[in-house]
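Chain letters run A, B, ... following the sequence lines, proteins first, then strands; residues in each count from 1.
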Amino acid sequence: MPELPEVEITRQHLATALLGRSLVSVSMRHARTARHNHGSLDIVEQRLTGRRVLEVRRLGKYLVIPLDDGMTVVAHLGMSGRFSIASPDDPLELHTHFVAELDDGTSLRFVDPRTFGFIAVHDDAELETSGIARIGPDAWEDPPAPIDLAVALRGRTAPIKALLLDQAHISGLGNIYADEALFRAGIDPRTPGGEVTDVRIELLLDAIREVLGVAISNGGTSLDDLAYLLPDGRAGENLRQLKVYGRDGEPCYDCGEIIDKVVIRSRSTHFCPHCQAPDVG
DNA sequence: ACCTCCCTGGCC
DNA sequence: GGCCAGGGAGGT
């Protein structure tokens with residue numbers, strides 16, 4: 001499931017393939033993938049055809065691709081989205097919702113079985129009202145200072161796990177890396193945001209950088225269902241680095257306690273009851 | 001702060 | 001044959 005590391009790997013792959021390239025022909029094939037352009041296949045195709053890619057950026061889990069006419073592509077991989085570069089002759093994979101032929105003879109494709117992902121093309125006015133305008137600082141490139149995160153969390157009663165998934169205070173964490181970062185920081189995921197101590201906030205920000213860095217260098221996390229694969233089709237190798245996610249019922253690597261699983265905001269949440277005990281005093 | 005919806009493949 | 005996973009948008 002693509003989170004910041006998987007999107008960053010995708011970004012690097014797309015930068016190599018797309019930078020300076022023009023889109024010769026474009027086929028949007030699924031209205032839901034175009035839902036942020038009112039579900040109109042035509043709008044997306046017309047806005048992209050003939051355009052040249054200036055940059056491939058990332059904010060949190062969003063890919064942001066400025067074009068040569070001032071428009072900007074905003075794409076999200078959702079749960080199961082994957083970009084790939086293929087030959088135009090390669091058969092279309094099932095659930096291919098977007099295809100673009102590039103001026104170097106390659107073919108950009110977007111495959112997304114569960115259609116939680118999307119591809120949008122926005123002008124500046126649309127960008128300001130799109131969801132991306134409300135995204136907080138990027139957890140990897142631009143993490144908040146501890147004091148700023150502390151201020152954002154002050155007085156909040158929602159569990160820290162939920163606040164990390166919110167994307168407003170720090171962006172890019174999903175269910176896997178939120179659980180992993182909270183484990184490394186020794187924070188009980190149910191702790192109200194406002195009750196996380198300043199020391200723990202510092203540890204949390206350190207843990208986030210650590211967890212994300214390891215994941216990126218390992219090619220991201222492919223789970224057993226292989227819903228997420230690298231853009232070249234290989235599986236990411238980060239699963240073995242996970243210390244709590246998906247390990248409920250198994251012993252903690254650090255203390256031997258059995259990893260527990262609870263539901264927070266309808267998200268499965270994995271933690272070690274010993275290593276992540278509530279702070280005392 | 002809470003709920004519901006979206007969607008498919010994999011699993012029991 | 002039903003349930004689950006999950007990010008984000010929308011609603012109340």
My understanding is that only residues two or more places apart in sequence, or in another chain, count here; which of them pass side-chain contact (heavy atoms from CB on, under 4.5 Å) with A:Pro192? A:Glu195

Enumerate the side chain to side chain donor-acceptor pair (under 3.5 Å) contacts for residues 100-109 of chain A, please, sequence neighbours excluded, ordered by first and then second residue. A:Arg21-A:Asp103, A:Glu101-A:Ser107, A:Asp104-A:Thr106, A:Ser107-A:Arg109

Pull out every protein N or O sitting under 3.5 Å from an N or O of nucleotides 1-3 of chain C, one pair per line with the distance.
none

A:Tyr177 near the nucleic acid: base, sugar-phosphate alone, or nothing, with a heavy-atom cut-off under 4.0 Å? nothing

Would you tabulate the pairs of protein nitrogen or oxygen atoms and nucleotide nitrogen or oxygen atoms of nucleotides 1-5 of chain B closer than 3.5 angstrom?
unit_1: B:dA1; atom_1: OP1; unit_2: A:Thr157; atom_2: OG1; d: 2.6
unit_1: B:dA1; atom_1: OP2; unit_2: A:Arg156; atom_2: NH2; d: 3.3
unit_1: B:dC2; atom_1: OP2; unit_2: A:Arg265; atom_2: NH1; d: 2.6
unit_1: B:dC2; atom_1: OP2; unit_2: A:Arg265; atom_2: NH2; d: 2.9

Answer yes or no: is there an ion pair linking A:Arg47 with A:Glu126, defined by an N-O contact shorter than 4.0 Å? yes

In the single-linkage hydrophobic clustering (I, L, V, M, F, W, Y; side-chain heavy atoms under 4.5 Å), do A:Ile170 and A:Ile135 co-cluster? no

When the axes are fitted on five pairs at both termini, how much does the helix from B:dA1-C:dT12 to B:dC12-C:dG1 curve, in 10° steps? 40°

Any side-chain heavy-atom pair from A:Leu108 and A:Phe98 closer than 4.5 angstrom? yes

Residues joined to A:Phe271 in its hydrophobic cluster, side chain to side chain under 4.5 Å directly or through other members, sorted by chain and number, are A:Val262, A:Ile264

Apart from A:Val244 itself, what residues make up its hydrophobic cluster when side-chain heavy atoms of I, L, V, M, F, W and Y under 4.5 Å apart count as a link, directly or indirectly? A:Phe183, A:Ile259

Please state how far atom CD1 in A:Ile264 lies from atom C1' in C:dG6, giving the value in whole angstrom units. 15 Å

For a quick check of understanding: with a heavy-atom distance under 4.0 Å over all strands, which category does A:His97 fall into, base, sugar-phosphate or nothing? nothing

OP1, OP2 of C:dG6 versus side-chain N and O of A:Ser268: anything below 4.0 Å? yes

Quick check on C:dA5: is either OP1 or OP2 less than 4.0 Å from any side-chain nitrogen or oxygen of A:Tyr245? no

When you compare the protein's N or O atoms with those of nucleotides 6-8 of chain B, which come within less than 3.5 Å of each other, and at what distance?
unit_1: B:dC7; atom_1: O4'; unit_2: A:Arg114; atom_2: O; d: 3.4
unit_1: B:dT8; atom_1: O3'; unit_2: A:His95; atom_2: NE2; d: 3.3
unit_1: B:dT8; atom_1: O2; unit_2: A:Arg114; atom_2: NE; d: 3.4

List, one per line, each side-chain donor-acceptor pair under 3.5 Å for residues 140-157 of chain A, sequence neighbours excluded.
none

Identify, with sequence neighbours excluded, every residue that meets side-chain contact (heavy atoms from CB on, under 4.5 Å) alongside A:His30. A:Arg32, A:Thr33, A:His97, A:Thr115

Would you say A:Gln167 reaches C:dG7's phosphate, i.e. side-chain N/O to OP1/OP2 under 4.0 Å? no

Under 4.5 Å side-chain linkage, directly or through intermediates, the cluster mates of A:Val99: A:Leu92

With sugar-phosphate meaning primed atoms plus P, OP1 and OP2, does A:Gly78 contact a base, only sugar-phosphate, or nothing at under 4.0 Å between heavy atoms? nothing

Do the side chains of A:Leu77 and A:Tyr62 join up, straight or via other hydrophobic residues, at under 4.5 Å, putting them in one cluster? no

Cluster question for you: counting only ILVMFWY and a side-chain heavy-atom cut-off of under 4.5 Å, with indirect links fine, are A:Leu48 and A:Val53 together? yes

May I ask you to list the residues sharing a hydrophobic cluster with A:Leu165, side-chain cutoff 4.5 Å, ordered by chain and number? none

